[in-house]
Amino acid sequence: MRSSMDRFVILMVALLSVIQSGFGFYLPGSYPHKYEVGDYLNVKVNSLTSIETELPFTYYSLPFCQPSEGIKDSAENLGELLMGDRIENSPYRFKMFKNESEIFLCQTEKLSADTFKLLKKRIDEMYQVNPMLDNLPAIRYTKKDGYVLRWTGYPVGIKVQDVYYVFNHLKFKVLVHKYEEANVARVMGTGDAAEVIPTIGKKDSETLGYMVVGFEVVPCSFAHNVDSTNKLKMYERYTTPIKCDSTSVSMSVKEGQSIVFSYEVSFEESDIKWPSRWDAYLKMEGSKVHWFSILNSLMVITFLAGIVLVIFLRTVRRDLTRYEELDKEAQAQMNEELSGWKLVVGDVFRAPSNPSLLCVMVGDGVQILGMAVVTILFAALGFMSPASRGTLITGMLFFYMILGIAAGYVAVRLWRTIGCGEHRGWMSVAWKAACFFPGIAFLILTTLNFLLWGSHSTGAIPFSLFVILILLWFCISVPLTLIGGYFGAKAAPIEFPVRTNQIPREIPAQKYPSWLLVLGAGTLPFGTLFIELFFIMSSIWMGRVYYVFGFLLVVLILLVVVCAEVSLVLTYMHLCVEDYKWWWKSFFASGSVAIYIFIYSINYLVFDLKSLSGPVSATLYLGYSLFMVLAIMLATGTIGVLSSFWFVHYLFSSVKLD
């Protein structure tokens, strides 16, 4: 028995050893790569990007040097393609831990009129080149007013006194760390056990290797002697020393003139551990403001929400307690003198106008909200780190499709509840839930995609990917939604605690428009979002890395609580003035936050994206903002309807009214 147990322990430790040696504690797609001294390091390039236009273009759309083996696209996931990333190989290559300087890359053909015009346009639009090494974007440091600023990538060129200069010499610095192989046997194994367990990759560990933990670039504009480069081949050394001075420019761009590209590289051993190599990208400027602002916002909103909740619960509880303390005669007398919300007992569960549309929107809202919660949770746990490009978008699509079953179930069951158990028509409601939000999203994205196609941008979704998205929609999402609808039709509808009168009660004239109060209610949920919204918008439109998903998860939970509270308060206030049409009002009470987000998006466009140029760029921005606002409205409105329904059901089941 002991021998069997020993074998089991050894087997488990060996299994852990294999798992850790293959993946360690690193996330999928971000495991370390070991390079021995002299191994080739190949630099890749992503799409050219600009915060001026928000239109990405392929790197080789400009007259840059091309690799001798030809241009090859890297394998990209669905999320990268949707984000407009086009990662390609480049002619830049290094040898591990071998410093090189004055390396000649190529001499381009003489610039034609069209190429010269395009190059000047890209420089005017402040386009950035985005090289990558071992999945790390190149980082650039600049100084301004005594502060060190960090940027990813480097500009194509610069305009000085109406003269255009191109950055044709790159000074790379690669930070490396000695390869440290994690092995369970070495950590946990002692005595004979360490000898029994095989050491994975033991031969590799005996040879000295390094991991790339940093990638820096300094762009320079250097005027080469074109005549002296005519006989040089790629990767040969330039004949004269090249002085890389980032503060001065000398390589002007002229029509009919060729451009010479060169580079140099140095390696530096660093104390940075491999898991910490992304810290330089995550410590962008304004991080302290980010943390303190979010914390302050959370504290204020939590305080306000607590006050609203306490006042609200005290009001309702006092009303119920006062009624329950009366004797039967007093209750009967009180029933004759009903006032406030008790007067609408026969109408409070009356079906709203357009009930199927409400059910479809609530079903889609459940799907979007569930996708947001699960995606942000996984991102907060580190499974969707910036090191794994495109995984965030891919994960959102995956969870959205899977949660189609929840959308169908909620939409159909709510429809049956409102319809007092009616079975007929559930298939139609499930179909509408499967096509409502995806159909609107498809219409918006197709329109924007035609604009991107017309601009020849890499942000345009390829036709093949369009076909894949449609197949995912109709072959996975729609069937799952119909399955959810089937289970919703089979489930028993929620029974109302009171009967609904055949003749609807007349609603008294209100002192103020009820919709005005509903629209104003969105300000409180917006207060939980606007600080975080600024950083999310900066991440999307300013090219900054967003990484505080833990804070975002807290903000999302707080948003759900505040939306529920706001909707409860508004529903109770309407019932107190004998307005029993609470279904749609509860939806828009919390869903109206989308209006303020759209207004904020326009404000961000006007004041923070002042440099955004061209009607195409502005249309893209507003189109994507409209898409985001629609999703937020459905998610927050769903919270309002479901919480108000629970409250009204609880309120009228707590007091027995004849």
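This chain uses plain numbering: 1 for the first residue, then up along the sequence.
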> Checking side-chain contact (heavy atoms from CB on, under 4.5 Å) for the pair I418/F349: CA distance, chi angles, key distance, verdict?
Replying inline: CA-CA 8 Å; I418 293 175; F349 290 107; over 6 Å; no
>> Testing the basics here: between A433 and A411, what is the closest heavy-atom pair and its distance to 0.1 Å?
In response: CB-CB, 4.2 Å
>> Please tell me whether Y596 and F530 form a close aromatic pair, meaning their ring centres lie under 6.0 Å apart.
In response: no
> Near Y624 OH, under 6.0 Å, is it more than 12 heavy atoms from other residues, nucleotides or ligands?
Replying inline: yes
> Tell me, do R413 and I494 make a side-chain contact under 4.5 Å, heavy atoms counted?
Replying inline: yes
> Mind checking whether F442 and F466 have ring centres under 6.0 Å apart?
Replying inline: yes
>> I'd like to know whether T619 forms a side-chain contact (heavy atoms from CB on, under 4.5 Å) with T447, so could you lay out the CA-CA distance, the side-chain angles of the two residues, the decisive distance to 0.1 Å, and finally the verdict.
In response: CA-CA 10 Å; T619 304; T447 305; over 6 Å; no
>> Using a 6.0 Å cut-off, check whether atom CZ of F450 has over 12 heavy atoms from anything other than its own residue.
In response: no
> F549 versus L392: any side-chain heavy-atom pair under 4.5 Å?
Replying inline: yes
> Once you round to the nearest 0.5 Å, how far does SG of C435 lie from CH2 of W473?
Replying inline: 5.5 Å
> Mind checking what makes side chain to side chain donor-acceptor pair (under 3.5 Å) contact with S592, not counting sequence neighbours?
Replying inline: none
> S538: what forms a side chain to side chain donor-acceptor pair (under 3.5 Å) with it, not counting sequence neighbours?
Replying inline: Y604
> Quick one: CE on M83 to OG on S47, what's the gap to the nearest 0.5 Å?
Replying inline: 10.5 Å
> So, do L357 and W584 sit near enough that their side-chain heavy atoms are less than 4.5 Å apart?
Replying inline: yes
>> Testing the basics here: between T638 and G365, what is the closest heavy-atom pair and its distance to 0.1 Å?
In response: OG1-CA, 3.1 Å
> Are any non-hydrogen side-chain atoms of E54 and L620 less than 4.5 angstrom apart?
Replying inline: no
>> Once rounded to the nearest 0.5 Å, what's the spacing between atom CZ of F588 and atom CG of L570?
In response: 13.5 Å
>> Using every non-hydrogen atom in the two residues, find where I639 and S643 come nearest and quote the distance to one decimal.
In response: O-OG, 2.7 Å
> Shortest non-hydrogen contact from L553 to V373?
Replying inline: CD1-O, 4.5 Å
>> Quick check: closest heavy atoms across P462 and W453, and the distance to 0.1 Å?
In response: C-CZ2, 4.5 Å
> Within the distance-only criterion (no hydrogens, no angle test), does the side chain of W426 pair as donor or acceptor with the backbone N or O of R416 below 3.5 angstrom?
Replying inline: no
> Between S617 and T53, do the side chains contain an N or O donor and an N or O acceptor separated by less than 3.5 Å?
Replying inline: no
>> Between S567 and G640 (side chain of the first, backbone of the second, donor and acceptor by atom type, cut-off under 3.5 Å), is there such a pair?
In response: yes
>> Could you tell me if S590 and T636 have a donor-acceptor pair between their side chains, going purely by distance under 3.5 Å?
In response: no
> How about V478 and L482: do any of their side-chain heavy atoms sit closer than 4.5 Å?
Replying inline: yes
>> With rounding to the nearest 0.5 angstrom, report the CG to OG1 distance, L55 to T458.
In response: 9.0 Å
> Is the shortest side-chain N to carboxylate O distance from K585 to D579 below 4.0 Å?
Replying inline: yes
>> Centre-to-centre under 6.0 Å for Y650 and W646, is that the case here?
In response: yes
>> Could you walk me through whether V467 and L471 satisfy the side-chain contact (heavy atoms from CB on, under 4.5 Å) test, starting with their C-alpha distance in whole Å, then the side-chain angles of each, then the deciding distance to 0.1 Å, before giving a yes or no?
In response: CA-CA 6 Å; V467 175; L471 290 175; 4.1 Å; yes
> Atom CG of L634 and atom CG of D364: how far apart are they, to the nearest 0.5 Å?
Replying inline: 6.0 Å
> Can you tell me how far the CE atom of M628 sits from the CE atom of M633, to the nearest 0.5 Å?
Replying inline: 13.0 Å
> Within the side chain of T375, is there an N or O that forms a donor-acceptor pair under 3.5 Å with the backbone of A372?
Replying inline: no
> Would you say F535 and S539 make side-chain contact, with heavy atoms under 4.5 Å?
Replying inline: no
> Taking C-beta and beyond as the side chain, do V560 and C563 meet within less than 4.5 Å on heavy atoms?
Replying inline: no
> Any salt bridge between E578 and R505, counting N to O under 4.0 Å?
Replying inline: yes
>> Looking at D85, is its backbone amide N or carbonyl O close enough to the side chain of N46 to form a donor-acceptor pair, meaning the two atoms are under 3.5 Å apart?
In response: no
>> Would the distance check show the side chain of H574 and the main-chain N or O of S586 forming a donor-acceptor pair, the cut-off being under 3.5 Å?
In response: no
> Just by distance, do the side chain of D347 and the backbone of Y580 share a donor-acceptor pair under 3.5 Å?
Replying inline: no
> Would a line drawn from the ring center of F627 to the ring center of F437 be shorter than 6.0 Å?
Replying inline: yes
> Does atom CZ of F436 have more than 12 heavy-atom neighbours from other groups under 6.0 Å away?
Replying inline: yes
> Quick one: does Y621's side chain have a donor or acceptor within less than 3.5 Å of a partner on S601's backbone?
Replying inline: yes
> Minimum heavy-atom separation for V566 to A521, with atom names?
Replying inline: CG1-CB, 3.5 Å
> How far apart are the C-alpha atoms of L403 and I368, what are their side-chain angles, what is the distance that settles it, and do they pass the side-chain contact (heavy atoms from CB on, under 4.5 Å) test?
Replying inline: CA-CA 8 Å; L403 288 169; I368 295 169; over 6 Å; no
> Do the side chains of L82 and L397 get nearer than 4.5 Å, heavy atoms only?
Replying inline: yes
